Protein chains: 2
Amino acid sequence: MRKISDSTIRRLSVYLRFLEQAKSPTISSGELARLGGTTSAQVRKDLSFFGSFGKRGLGYSVPELTRRIRDILGLERGYRVVLVGAGRMGGALVQYHGFRQRGFHITAIYDQDSRKIGSRWNGLVVRDVKHLETDLKKDPSDIAIVATPAESAQHVVDRLVRSGVKAILNFAPVPLNVPPDVEVKTVNMALELETLSYSLANR
Amino acid sequence: MRKISDSTIRRLSVYLRFLEQAKSPTISSGELARLGGTTSAQVRKDLSFFGSFGKRGLGYSVPELTRRIRDILGLERGYRVVLVGAGRMGGALVQYHGFRQRGFHITAIYDQDSRKIGSRWNGLVVRDVKHLETDLKKDPSDIAIVATPAESAQHVVDRLVRSGVKAILNFAPVPLNVPPDVEVKTVNMALELETLSYSLANR
DNA sequence: CCCCCATTGTGAAATAGTTCACAATGCGGA
DNA sequence: TCCGCATTGTGAACTATTTCACAATGGGGG
């Protein structure tokens, strides 16, 4: 498959959100652009990498385009996700509704801390992280969320990778080393604030 | 000032992290690149937009480059930050150490929910969001973090903007409309998972 | 049935970002 | 002092992404 840029994928994700909320049966690239904060040409170009889904003069069928984008993003299948790190960030993520809505099901939570192990979080019992490998052997997951302290993140990731996890969403503020067939996305909130600081400093 | 790309600013932020951990007195672009997951040419180019801070044959002085980057990013001054939304995400953010370490001080927390108002969070009392404008009049903030439900986010942001807030870090999964002199950065975790889903679907 | 109009799909042009490659140069050692 | 080497700083080349602009076309109205 032709290499598609990350920004295109992120925009598809945004378009999908608006399609799911749309009430009319069709939508034009211009309307989608207005909602998603981009241009109509960008919308059409993004979609054109994957096929031609619209009708000239009319726009796109909302249900069809929704289905197509969900399919492109691989959202039709649903994912089992394990969460490592039952700190406050982990707690926020477990109850975050957006994940379940989009087909990402957190199926287990792990921590090191004996005070947390055994407690119930949103219907799940926090398990000792020492069971990570054996649990994943029984019930494999493609995606893991890492919300541990910076110090333990790389070690946890190594264990996840050995257990067959192929994609990691990382909230620990460190870059992670993984083999090339594993995808990591790091969300670093301090870094986001720093870009805001830069824009405040330069006006 | 010449327009600097967002990716350059984000990389500077990453370099800064490693500089703060470095133990040797000097560092080369190659070493910084290795740590930050980029190339030495990229490091030098990023820095060259702001000046020439290195010594040929030797590299960069760690303390000096640290200071320079902190200065470029506007981190020397320290920021007062207000947080709106005392849900789980808000709770995770309040105690997030990375913010304070980098000079971002959360000075107030607001919520709508009378059950939360008055409770103590990390040394701060959650205040009724109805006091937002009057509080900001007394003690202005440049930065706000919005961690409310999607429905209330735009309304809260309008009030923040009227109260003089110039930069917003948004965790609500909606795009926000603000005047052009206000900077918004939206962190959308479901979207990050969707990019991972895409990469799993296309291998 | 045919024309008109809104809107798509897409090459081509423009812009933005990254990598290359090498002259410039500061330092350490002889 | 002078040489050699490591490493910077930076135009120029390259690659990626966005925007432009317009021919193609489907549908609705007369």
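All of these numbers come straight from a predicted model, not from anything done at the bench. We name chains A, B, ... by the order of the sequence lines, and we start the count at 1 in each one.
- In terms of phosphate contacts, A/Ser29 brings a side-chain nitrogen or oxygen within less than 4.0 Å of OP1 or OP2 of C/dT8.
- Listed nucleotides C/dT18, C/dT19, D/dT18 differ in distance to B/Ser7; the shortest reach to its side chain belongs to C/dT18.
- Between the base of C/dT7 and the side chain of A/Arg56 there is no donor-acceptor pair shorter than 3.5 Å.
- In this entry the distance linking CD of A/Glu31 with C1' of C/dA6 reads 14 Å, nearest Å.
- A sub-4.0 Å separation between OP1 or OP2 of D/dT19 and a side-chain N or O of A/Gln42 is present.
- The CD1 atom of B/Ile27 sits 10 Å away from the P atom of D/dT8 (whole-angstrom rounding).
- Within 6.0 Å of CZ in B/Arg100 there are 12 or fewer heavy atoms belonging to other residues, nucleotides or ligands.
- When side chains are defined from C-beta on, B/Glu194 counts as touching A/Phe104, because their heavy atoms get closer than 4.5 Å.
- Atoms CZ (B/Phe50) and C1' (D/dT8) sit 18 Å apart, rounded to a whole Å.
- Distances shown here put every side-chain N or O of B/Ser28 at or beyond 4.0 Å from the OP1 or OP2 atom of D/dT7.
- Checking the phosphate oxygens (OP1, OP2) of C/dG9, a side-chain nitrogen or oxygen of A/Tyr60 falls inside 4.0 Å.
- Counting non-hydrogen atoms under 4.0 angstrom, A/Thr38 reaches nothing in the nucleic acid.
- Counting any heavy atom pair closer than 4.0 Å across all strands shown, A/Thr8 reaches no nucleic acid atom.
- Residue-level contact check: B/Phe49 touches neither bases nor backbone, having no heavy atom under 4.0 Å from any strand.
- For B/His155, the NE2 atom is loosely surrounded, since the number of other residues' heavy atoms within 6.0 Å does not exceed 12.
- Annotation: of the two residues near DNA chain D, A/Leu58 and A/Lys45, the 5′-most nearest-nucleotide partner is A/Lys45.
- For A/Arg44, the listed nucleotide lying nearest its side chain is C/dT10; candidates were D/dT10, C/dG26, C/dT10.
- Within 6.0 Å of the NZ atom in B/Lys185, the count of heavy atoms belonging to other residues, nucleotides or ligands exceeds 12.
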